[in-house]
Amino acid sequence: MAIHCSRICLQYLIHLAQDNVDFRLPEIRSLLSLRGKPFDPGENFKEKSPFWLLNGLSEEDVNSIMARTVCAKSAFELWGHGRTHSELRNTLLKYPTENMSPFLQKDSTYKINVYTFNKTLEFEDRIKKIDAMEYLSFEGRVNLRNPKHIFCLLEDYGTDPNDIPDEPLYIYFGRWIADGQRELIRSHSVKNRHFIGNTSMDAGLSFIMANHARVKAHDLVYDPFVGTGSLLVACSHFGAYVCGTDIDYNTIHGIGKASRKNQKWRGPDENIRANLRQYGSEKLYVDVLVSDASKPIWRDGVLFDAIITDPPYGIRESTRRTGSQKDSVKPSEDYIGDSHVPVSMAYHLSDIFTDLLNFSAQHLVIGGRLVYWLPIYRPEYCEEMVPLNACLRLVSNCEQTLSSHTSRRLITMEKIKEPEETDALAHLSDPHFSPYQGHNAFREKYFSGISKRTLTGKEETNKMAANGGE
């Protein structure tokens, strides 16, 4: 297929990482929407492929995406592509000379890289592939250390490591535009984080959540289950002001037992603010406070540009709220002891998600996004289990598998209207808006799956012992 002739409507090639595959499309769509651009893939688009062709973008659009994405590795201005090197040659020779010439001048320097997906080539084979492209009129000098322009020959050998073909399934050639932000996964790793907890969010997933929420500079972002602030760190990296609440007094104040190996107690400067200071974004820290997510503490009206959170599932962190099922005893008027610290009671997952969606409907700006994790027992999952709200539109629903029987789904929703009195009636008349009570048994189902695997393992061991260990 001939490539478009105008530099206004070039095709771009995105090379994507093969981890968190389910999160890639929503991330790229969200970043494009920040630029007001639709996701317009090329022909034969395959979501699971490591290479995507995108239409209708400018180089500025591509640079904007790559300045934020942690799902994409690199982006290229596509000059040619085909199923064979012969097809590649034909498309390259048809590519408009006026589009190529600015990068092939005598006074420029360049280098050509060869990248193969799912196959390793010897150095000599790479050189042969570069030499075979002598039909391109490069007039500049080769500079391997600091070239002005970088070109890349990319070969796709499929995604099955057990069935690698001799010849590539598809070949691309283009001019390198920019790399993604995969380095953030290493630089912000929780292993090197100043303040961490048992459930601190992975750095890569934190940045993915921030991108799904379309967090940008000067936004105000809120996390109602803030924990050790991993999501605030990611959002502040993109220039947003951040704040959060949590019911755990010790976590908010950075005191108590440490989560690190070989460290018994947390140090005097282990807190969320110190985490932002570690990455140079302390000026964007608004504050965090001890608060129960089930209780209203905020004034009425819109407050936040995005709400991003990872609610507790009852596995490593309990799902609790303040209150008691016992009769409360009011202290006497002349009581002068310490202030009362309320006891806690169970906070069911169905109630957590209902409260979270209602809060977001009340306090997000129009167009603001809610991004949160929903734990799922996989054998029972169906889309009707995802909580809904009349004011929020479901944008994406991505799965991260935790075990053979459990997963969590990253849910992204966008506020489309302000709450109305009739919304309450919609919740009563439409079963889709009713809380799914099955979420409340997630903890029991999670551990029942572990118990079944343990019993199965013991039965297998006993069987082997009975057969003489064969």
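Computed over heavy atoms, backbone and side chain alike; hydrogens, waters and symmetry mates excluded. These numbers were taken from a predicted model, which means no experiment stands behind them.
Scanning for side chain to side chain contact (heavy atoms under 4.5 Å, CB included) contacts around L53 gives Q11, L13, L78, H81, Y172, with sequence neighbours left out.
With rounding to the nearest 0.5 Å, the separation of CD in E59 from OH in Y12 is 5.0 Å. Considering CG of L232 and SG of C243, their distance stands at 7.5 Å, rounded to 0.5 Å.
Relative to the ring axis of Y110, R141 does not place its NZ or CZ within 45° and under 6.0 Å from the centre. Within the cation-pi definition used here (under 6.0 Å to the ring centroid, within 45° of the axis), R175 qualifies as a partner of F103.
At least one donor-acceptor pair under 3.5 Å links the side chain of S49 to the backbone N or O of F51. A donor-acceptor pair is defined here as one N or O able to donate and one able to accept, closer than 3.5 Å; such a pair exists between the side chain of K415 and the backbone of A361. Q362 places no side-chain N or O within 3.5 Å of a backbone atom of D300 that could act as its donor or acceptor partner. A donor-acceptor contact shorter than 3.5 Å links the side chain of R126 to the backbone of V114. The closest donor-acceptor contact from the side chain of D40 to the backbone of G56 lies at 3.5 Å or more, if one exists at all. A donor-acceptor pair is defined here as one N or O able to donate and one able to accept, closer than 3.5 Å; such a pair exists between the side chain of N275 and the backbone of F195. Side chain of D223 to backbone of G244: no donor-acceptor contact under 3.5 angstrom is found. Using modelled atom types, no side-chain atom of S64 and backbone atom of E60 make a donor-acceptor pair closer than 3.5 Å. A donor-acceptor contact shorter than 3.5 Å links the side chain of S33 to the backbone of S30. Q181 contributes a side-chain N or O that, together with a main-chain N or O of M66, makes up a donor-acceptor pair within less than 3.5 Å.
In R83, the CZ atom is not crowded: 12 or fewer heavy atoms of neighbouring residues, nucleotides or ligands sit closer than 6.0 Å. For CD of E183, the number of neighbouring non-hydrogen atoms (other residues, nucleotides, ligands) closer than 6.0 Å is greater than 12. The neighbour count for F123 CZ, taken as heavy atoms of other residues, nucleotides or ligands under 6.0 Å away, does not exceed 12. Atom OH of Y241 is surrounded by 12 or fewer heavy atoms from other residues, nucleotides or ligands within 6.0 Å. More than 12 heavy atoms of other shown residues, nucleotides or ligands fall within 6.0 angstrom of atom NZ in K119.
D305 and Y222 are not linked by any side-chain donor-acceptor pair at a separation below 3.5 angstrom, with hydrogens and angles left out of the test. Side-chain contact, D61 with S58: a donor N or O sits under 3.5 Å from an acceptor N or O. Using modelled atom types and a 3.5 Å distance limit, the side chains of Q278 and R273 yield no donor-acceptor pair. Checked by atom type, the side-chain pair Y381/R409 shows a donor-acceptor distance below 3.5 Å. For the residue pair S294 and D355, no side-chain donor N or O sits within less than 3.5 Å of a side-chain acceptor on the partner. No side-chain donor-acceptor contact under 3.5 Å links H348 and S350. Side-chain polar atoms of S291 and T245 form no donor-acceptor pair below 3.5 angstrom.
Nearest heavy-atom pair, P102 versus H149, reported as atom, atom and distance to 0.1 Å: O-NE2, 4.1 Å. Here the shortest heavy-atom pairing between P311 and L356 reads CG-CD2, 4.4 Å. The shortest heavy-atom contact between I308 and C235 is CD1-SG, 3.4 Å. In plain terms, the two heavy atoms of A75 and I14 that are nearest each other are CB-CD1, 3.7 Å.
Side-chain contact between P168 and T116 is absent, with no heavy atoms from C-beta onward closer than 4.5 Å. Looking at L153 and L88, their side chains come closer than 4.5 Å, going by heavy atoms from C-beta outward. Side-chain contact between T406 and I376 is absent, with no heavy atoms from C-beta onward closer than 4.5 Å. With contacts defined as side-chain heavy-atom distances shorter than 4.5 Å, the pair I411/V386 qualifies. Within the 4.5 Å cutoff, the side chain of F304 has no heavy atoms near those of the V221 side chain. For the pair T251 and T228, the minimum side-chain heavy-atom distance is below 4.5 Å. In this structure, K283 and L276 have side chains that are not in contact, with every pair of non-hydrogen atoms separated by 4.5 Å or more. Contact check for H237 versus H188: side-chain heavy atoms found under the 4.5 Å cut-off.
Ring-centre distance between Y157 and F117: not below the 6.0 Å cut-off. A centroid separation of 6.0 Å or more is found between the aromatic rings of F225 and W373. For an aromatic pair to be called close, the ring centres must be under 6.0 Å apart, and F76 with F173 fails this. When ring centroids are compared, F45 and W52 come within the 6.0 Å threshold.
Between R68 and E27 there is no salt bridge, since none of the side-chain N atoms of the basic residue sits less than 4.0 Å from a carboxylate O of the acidic one. In this structure, K148 does not pair ionically with D107, as no charged nitrogen and carboxylate oxygen lie closer than 4.0 Å.
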Might you work through the side-chain contact (heavy atoms from CB on, under 4.5 Å) test for V21 and L16, ending with a clear yes or no?
CA-CA 9 Å; V21 172; L16 298 118; over 6 Å; no
Trace of the side-chain contact (heavy atoms from CB on, under 4.5 Å) decision for K191 with I196:
CA-CA 8 Å; K191 294 179 181 179; I196 63 170; over 6 Å; no
Would you sort out whether T69 and F207 count as a side-chain contact (heavy atoms from CB on, under 4.5 Å), showing the intermediate values?
CA-CA 8 Å; T69 177; F207 284 108; over 6 Å; no
Does K129 form a salt bridge (Lys or Arg N to Asp or Glu O under 4.0 Å) with E155? I'd like the steps, not just the answer.
CA-CA 11 Å; K129 290 180 180 292; E155 296 185 337; 3.0 Å; yes
Between K216 and D219, does a salt bridge (Lys or Arg N to Asp or Glu O under 4.0 Å) hold up when you go through it step by step?
CA-CA 6 Å; K216 58 188 182 301; D219 279 354; 3.3 Å; yes
Would R369 and E414 satisfy salt bridge (Lys or Arg N to Asp or Glu O under 4.0 Å), going step by step from the backbone distance to the final call?
CA-CA 4 Å; R369 288 191 170 184; E414 184 175 316; 3.1 Å; yes
For side-chain contact (heavy atoms from CB on, under 4.5 Å), just list the numbers for T91 and W79, CA-CA rounded to whole Å, side-chain angles, deciding distance to a tenth of an Å, and then say yes or no.
CA-CA 8 Å; T91 57; W79 285 12; over 6 Å; no
